Amino acid sequence: MLPPGPYNPKEHEEKIYQLWEKSGYFNPDKNETGKSYSIVLPPPNVTGTLHVGHALMLVIEDILIRYHRMKGFKTLWLPGTDHAAIATQSKVEKIIYDKEGKSRYDLGREEFLKRIEKFAQDSHDTIVHQTKSMGASLDWSREAYTLDQARNRAVNTAFKIMYNDGLIYQGDRVVNWDPKGQTTISDDEVIYKEREAIFYTFKYSRDFPIAIATTRPETKLGDTAVAVHPNDERYKKYVGQEFDFEFCREQVHVKIIADESVDPEFGTGAVGITPAHSQIDWEIAQRHQLPLKQVIDENARIIVGGQDIKGKKINEAREIIVAWLKNEGLLIKEENIKQNVATAERTGGIVEPLPKKQWFVDVNAKIKMQPRIKYEAKLKNIKVGDEVSLKELMRSVVKSGEIKIIPEHFEKIYFHWIDNLHDWCISRQIWYGHRIPVWYKDEEIYVGEKVSEEEGWEQDPDTLDTWFSSGLWTFSTLGWPDETKDLKTFHPTDVLETGYDILFFWVARMILMTTYLLGEIPFRVVYLHGLIRDAERQKMSKSKDNSVDPLHIIDEEGADALRMAMVFGTGQGNDVVMSPDKVIAQKKFANKIWNASKFVLNNLGEKFEFMVVAIHELSLQNQNSDDKNILEKLNQTIAGVTKNLDNFMFHEAAQEIYQFFWHDFCDVYIEKVKLRLNSNDAADKKIAQEILYFVLLQCLKLLHPFMPFITEVIYQNLPEKNKENLMIENWPGV
RNA sequence: GGGCACUUGGCGCAGUUGGUUAGCGCGACUGGUUUACAUCCAGUAGGUCAGGGGUUCAAAUCCCUUAGUGCCCACCA
């Protein structure tokens with residue numbers, strides 16, 4: 001029997017979660033016969049707490065997991081957290097600086113890492129608590145961390161394999177340097193922000209024949225060439241000439257070169273080439289064997305020139321140079337333009353291209369596919385012995401349909417991204433992360449899985465891009481590089497569900513790593529969900545201060561209401577609008593379920609013995625048209641919900657069961673049945689009771705993936721024989 | 001500059017492979033309240049599916065085009 005009054009989620013949710021955990025059914029090992037179904041949880045960053053975006057991820061994945069568990073699959077949902085290298089380090093640095101005024105260098109590597117680990121542990125605990133509050137049915141016994149020992153072994157192994165294959169190389173290149181975070185970052189971590197800038201047109205010196213234009217005059221101290229288009233009649237005669245002059249008291253030597261990449265229409269049609277401080281100029285310099293001259297250092301300060309400019313920050317240096325140009329009468333034009341400035345995703349620092357020796361993953365080099373663990377299996381269009389590049393691997397598995405991306409149009413975006421992909425810079429000058437597994441001794445270099453005990457070896461001080469370890473996530477969590485039972489059973493995983501904002505950062509890298517290292521796909525389906533927006537359609541973000549804490553909503557309205565609100569009325573992959581109205585509407589729905597269940601349970605009669613009624617056991621002949629009607633609609637609903645869940649149409653599935661339960665079952669059937677329950681026709685009354693009970697039970701099952709808590713509470717109060725948990729009841733129609 | 005989408009009643013959205021009166025939530029209006037539920041029920045109003053063109057026996061759904069909006073990538077020095 002259910003207690004009177006409205007449904008109060010607070011009374012039940014925690015108890016129910018404990019009941020589930022105690023049952024052990026989150027762990028797939030309890031199901032010995034089912035076919036496997038697996039999802040690895042995209043590990044939340046240990047940078048604090050979960051936000052509504054995480055909540056959405058948990059809801060969708062838990063729906064898939066619960067649905068498949070009920071369908072009898074050996075279902076694994078594997079939890080974990082991400083050390084998120086730069087993100088976590090910069091957050092802790094900021095906290096320490098704000099509190100103690102100290103930098104990481106003041107503390108030293110060891111002490112600083114201790115502080116981060118403490119912070120990460122606290123975040124982890126909060127995150128786990130929040131995750132459980134959402135009702136997520138994760139197998140906590142398999143929990144992983146991207147920076148724990150098992151994952152470190154996987155990372156080192158992966159690095160070694162790639163190094164030996166020539167895919168990882170150390171190169172002197174112009175990289176994206178973040179002066180604020182004091183580290184390099186990859187192309188994907190660069191965010192362009194529009195800004196006002198001044199576009200200066202000038203000559204280096206009075207004797208120099210060509211004018212050039214730039215928004216960054218301070219870099220011109222490092223120019224080693226001026227490039228013009230080969231067909232530009234204005235400048236043809238100068239090509240090949242070399243000039244020496246003093247530019248703001250710095251000795252500069254430039255050569256005039258011709259290069260196709262120069263647009264004669266833009267600016268003066270001549271480009272000052274600064275190989276050390278521009279990606280593109282560096283490439284041009286490579287083509288023409290130009291020397292490279294670094295004029296800016298890691299702190300974004302000028303390192304050449306006279307006393308007035310040496311040691312100055314770039315903004316100050318710019319002013320000094322402009323003043324000098326004016327003074328010398330060299331400045332021709334100043335224009336205000338809008339410019340995209342490269343900034344670092346995590347720290348917001350302005351990215352300074354600098355020449356540095358870094359580790360890279362070569363995405364274009366052809367490698368011969370090797371037989372690896374499970375290799376014989378799997379890729380459709382690539383066999384052992386084929387020569388392929390990482391780019392081709394990434395492209396192949398999506399093109400072939402082995403990996404399906406939902407919504408589908410993201411496949412095009414994915415291909416477009418691969419086309420523009422450059423080598424991936426994987427080394428970072430930060431301390432929190434997997435140390436690069438490379439040791440040096442004099443001229444020797446050793447790459448391995450373990451620290452060499454021998455004396456005199458020194459490990460590379462850098463750490464790896466966090467996405468390097470995340471890229472291994474689907475299989476590092478299952479025991480790789482060992483050939484474990486879990487790896488055999490649960491890999492490839494079935495679905496990778498995440499926000500579309502990390503399609504490139506993460507999803508693409510998982511595909512790269514997995515196809516290359518395992519010779520199989522990491523997952524069959526990529527389901528990308530949208531962003532959460534508020535009632536005014538604004539993106540929810542901390543900086544905008546419009547984000548809501550999922551725990552707060554759970555506290556107010558219940559986890560079930562929040563879950564349902566997140567999938568209700570939101571098309572596949574679309575952004576989710578979260579308004580209080582929406583959650584309250586679903587809270588009302590929960591209450592409706594509660595009350596209708598109360599009504600049914602109160603009307604089953606003294607001796608309700610037709611436990612676990614199957615549809616064929618219902619006395620079909622004596623049913624009236626209402627009975628037949630509701631049963632037929634129930635069947636349609638079961639078919640519809642099932643089909644929509646199979647097709648990742650969560651909103652449609654949710655709406656269908658909502659509609660059926662509230663309007664067909666409650667408003668029509670229950671209202672009509674009230675008369676029969678009062679009548680003296682005992683046989684007819686019994687039929688009505690059977691159907692009430694039967695339909696309710698089926699509805700609870702259909703609703704369970706969406707609203708697990710309330711449905712389980714009610715289930716626990718049903719007069720079923722031998723019942724355990726609704727969580728493992730059979731899905732209707734199975 | 002290149003690419004990808006979106007545009008459906010007042011608001012927010014659904015409508016997968018083209019096929020009977022285009023659905024839902026919120027809101028509005030009118031009534032009801034008899035074995036759960038006022039966090040309720042019944043009913044009403046409101047959309048020629050952005051504009052134009054095409055394919056088809058048949059289009060919100062496919063194609064072309066115009067306009068508006070949003071996103072991604074590249075980045076002009």
Side-chain angles (χ1 to χ4, degrees), chain A residues 2 4-7 187-188 190 192 199-201 212-216 219-220 223 226-227 259 261-263 265-274 277-281 284 337 339-342 406-422 500-501 503-504 530-531 533 535-537 539 557 561 564-565 568-582 584-603 643-644 646-649 651-652 654-656 658-659 662-663 666-668 670-671 673-675 677-678 692:
Chain A
L2 298 174
Y7 175 63
D187 294 345
D188 295 288
V190 174
Y192 290 92
F199 193 50
Y200 302 96
T201 304
I212 57 158
T214 183
T215 54
R216 299 199 57 191
T219 63
K220 299 292 107 182
D223 282 12
V226 167
D259 194 281
S261 68
V262 179
D263 175 3
E265 304 294 319
F266 187 83
T268 63
V271 189
I273 300 297
T274 323
H277 300 289
S278 154
Q279 209 88 241
I280 291 184
D281 291 4
I284 294 174
I337 58 160
Q339 194 200 210
N340 279 329
V341 178
I406 300 172
E408 208 178 326
H409 75 262
F410 279 107
E411 291 187 1
K412 290 179 193 165
I413 296 175
Y414 173 83
F415 290 129
H416 189 245
W417 176 81
I418 292 177
D419 291 340
N420 288 313
L421 184 64
H422 298 295
Y500 62 71
D501 48 336
L503 175 63
F504 309 135
L531 303 173
R533 296 176 181 274
E536 275 73 50
R537 305 252 331 129
K539 274 186 210 173
E557 326 287 1
M564 196 67 168
F568 209 81
T570 300
Q572 202 176 56
N574 284 3
D575 290 351
V576 178
V577 177
M578 276 308 286
S579 61
D581 278 356
K582 224 171 152 182
I584 288 167
Q586 295 307 325
K587 187 189 185 182
K588 288 183 187 177
F589 181 49
N591 199 50
K592 188 74 182 176
I593 298 170
W594 184 251
N595 282 305
S597 302
K598 231 163 32 184
F599 176 84
V600 172
L601 293 184
N602 288 336
N603 282 288
K643 185 181 160 201
N644 282 314
D646 286 337
N647 291 323
F648 299 88
M649 306 276 270
H651 57 293
E652 284 287 294
Q655 193 157 306
E656 239 174 296
Y658 178 99
Q659 202 61 23
W662 198 318
H663 301 295
C666 294
D667 294 348
V668 179
I670 288 185
E671 289 308 319
V673 101
K674 282 175 181 173
L675 288 172
L677 292 173
N678 257 341
L692 276 178

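All values derive from a computational prediction rather than experimental measurement. All values below come from the heavy atoms of this structure, side chains included, with hydrogens, waters and symmetry mates left out. Proteins come first, then strands; the chains are lettered A, B, ... in the order of their sequence lines, and each starts at number 1.
- Sequence order on RNA chain B of the closest nucleotides to A:N678 and A:N647 puts A:N647 first from the 5' end.
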Enumerate the protein-to-nucleotides 18-24 of chain B contacts in which both atoms are nitrogen or oxygen and the separation is below 3.5 Å.
from, atom 1, to, atom 2, distance (Å)
B:C24, O4', A:Q655, NE2, 3.3

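- Going from atom CG of A:D188 over to atom C1' of B:A74 covers 12 Å, rounded to whole Å.
- Phosphate contact (OP1/OP2 of B:A77, side-chain N/O of A:T215, threshold under 4.0 Å): present.
- The residue A:E671 sits close to a base: some heavy atom pair falls under 4.0 Å.
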Does A:S278 form a side chain to side chain contact (heavy atoms under 4.5 Å, CB included) with A:T219? I'd like the steps, not just the answer. CA-CA 9 Å; A:S278 154; A:T219 63; over 6 Å; no

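- Base-pair partner of B:C75: not found among the strands shown (Watson-Crick or G-U wobble, both distances under 3.5 Å).
- The pairing partner recorded for B:C62 is B:G54, the criterion being a Watson-Crick or G-U wobble arrangement whose two distances lie under 3.5 angstrom.
- A 4.5 Å side-chain heavy-atom check between A:K220 and A:I212 finds at least one atom pair inside the cut-off.
- Look at B:U30: its Watson-Crick or wobble partner, with both distances under 3.5 angstrom, is B:A42.
- Look at CG on A:L601: it is 14 Å from P on B:C37, rounded to the nearest Å.
- For B:C41, the base has no donor-acceptor partner in the side chain of A:D667 [N/O atoms by modelled type, under 3.5 angstrom].
- The base-pairing partner of B:G25, taking Watson-Crick or G-U wobble contacts with both distances under 3.5 Å, is B:C11.
- Pair assignment for B:U69 gives B:A5, based on Watson-Crick or G-U wobble hydrogen-bonding distances that are each under 3.5 Å.
- For A:K674 and B:A36, a side-chain-to-base donor-acceptor distance below 3.5 Å is present, hydrogens and geometry of angles not being considered.
- Side-chain nitrogen and oxygen atoms of A:K588 include none within less than 4.0 Å of the OP1 or OP2 phosphate oxygen of B:C41.
- Contact annotation: A:Q339 reaches the phosphate of B:A77 (side-chain N/O to OP1 or OP2, under 4.0 Å).
- Side-chain N/O atoms of A:Y500 include none lying less than 4.0 angstrom from OP1 or OP2 on B:C72.
- Atoms CD1 (A:I413) and P (B:C71) sit 13 Å apart, rounded to a whole Å.
- Taking side-chain N and O atoms only, A:K412 has no distance below 4.0 Å to OP1 or OP2 of B:C73.
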